[in-house]
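A quick write-up on the structure given underneath.
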Amino acid sequence: QVQLVESGGGLVQAGGSLRLSCAASGRTFSKYIMGWFRQAPGKERELVAAIGWSTRATYYTDSVKGRFTISRDYAKDTVYLQMNSLKPEDTAVYYCAADGSAIIRLTQGLYDYWGQGTQVTVSS
């Protein structure tokens, strides 16, 4: 079992920044692909960013490239999502998830563990 707890969400004006954190506990954090998903009202949950065992392996959905950065700290068993230049369309509940696969996968159903989510609201 892996327990994931997100923090760092909130209300920010367009153009602002937030950093989300996801603290992991339980099984070996280093053996999991870590992803950040988001779900806006009335929309499907989508993978925003993911990071592999090696921090050189990352994925970003097109709409956040150049604005969001995913990183992981093995000493703290924590994954981060730095979000800059936020837009109203980034408003969603953001979820941290862990996948026991060896490669980054985009499908939410393949992720084994999920956090409870944190709300991000970007005002215009």
Side-chain angles (χ1 to χ4, degrees):
Q1 287 285 342
V2 174
Q3 292 78 41
L4 303 173
V5 179
E6 302 102 331
S7 61
L11 173 64
V12 64
Q13 289 188 331
S17 298
L18 283 174
R19 188 177 80 156
L20 305 182
S21 300
C22 174
S25 60
R27 290 188 175 180
T28 307
F29 172 69
S30 61
K31 296 301 185 183
Y32 287 85
I33 303 293
M34 299 301 297
W36 283 100
F37 287 76
R38 68 184 178 188
Q39 187 166 20
K43 295 188 177 181
E44 292 188 356
R45 192 173 298 187
E46 65 168 342
L47 180 63
V48 175
I51 188 165
W53 298 354
S54 164
T55 57
R56 290 170 292 182
T58 58
Y59 164 85
Y60 297 95
T61 193
D62 286 345
S63 62
V64 308
K65 286 180 180 177
R67 300 189 297 122
F68 290 11
T69 303
I70 189 170
S71 61
R72 64 193 301 170
D73 185 333
Y74 287 104
K76 297 182 178 180
D77 286 350
T78 300
V79 63
Y80 303 98
L81 185 67
Q82 178 67 43
M83 305 186 295
N84 298 328
S85 302
L86 283 160
K87 304 175 181 181
E89 51 264 43
D90 294 317
T91 295
V93 178
Y94 284 71
Y95 298 90
C96 175
D99 180 6
S101 170
I103 59 172
I104 293 175
R105 300 189 290 185
L106 308 186
T107 305
Q108 62 166 319
L110 299 175
Y111 282 70
D112 302 300
Y113 303 102
W114 292 82
Q116 81 286 353
T118 185
Q119 177 71 47
V120 171
T121 303
V122 184
S123 63
S124 58

Tell me whether [Y] is reachable from [X] by hopping between hydrophobic residues (I, L, V, M, F, W, Y) whose side-chain heavy atoms are closer than 4.5 Å.
{"X": "Leu4", "Y": "Leu110", "value": "no"}
{"X": "Leu106", "Y": "Trp53", "value": "yes"}
{"X": "Tyr113", "Y": "Tyr80", "value": "no"}

Would you call [X] and [Y] a side-chain contact if the rule is heavy atoms closer than 4.5 Å?
{"X": "Arg38", "Y": "Asp90", "result": "yes"}
{"X": "Cys96", "Y": "Val79", "result": "yes"}
{"X": "Tyr32", "Y": "Asp99", "result": "no"}
{"X": "Tyr95", "Y": "Arg45", "result": "yes"}
{"X": "Met83", "Y": "Leu20", "result": "yes"}

Under 3.5 Å donor-acceptor, Glu6 side chain and Cys22 backbone: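 Not at all, since once roles are kept as given, no pair shorter than 3.5 Å links the two residues.
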Short side-chain to backbone donor-acceptor contact, Thr91 and Val122, under 3.5 Å: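 Confirmed, Thr91 side chain pairs with Val122 backbone.
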Minimum heavy-atom distance [X]-[Y], with the two atoms named:
{"X": "Gly9", "Y": "Val120", "result": "CA-CG2, 4.2 Å"}
{"X": "Ile70", "Y": "Met34", "result": "CD1-O, 3.9 Å"}
{"X": "Pro88", "Y": "Ala14", "result": "CD-CB, 4.1 Å"}

Lys65 and Asp62: CA distance, side-chain angles, deciding distance, salt bridge (charged side-chain N to carboxylate O under 4.0 Å, His left out) verdict: CA-CA 5 Å; Lys65 286 180 180 177; Asp62 286 345; 3.0 Å; yes
Set of residues satisfying ring pair (Phe, Tyr, Trp, His ring centres under 6.0 Å) with respect to Phe37, sequence neighbours excluded: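 Applying ring pair (Phe, Tyr, Trp, His ring centres under 6.0 Å) to Phe37 gives Tyr111, Trp114.
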More than 12 heavy atoms from other groups under 6.0 Å of CD on Gln116: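 More than 12 within 6.0 Å, yes.
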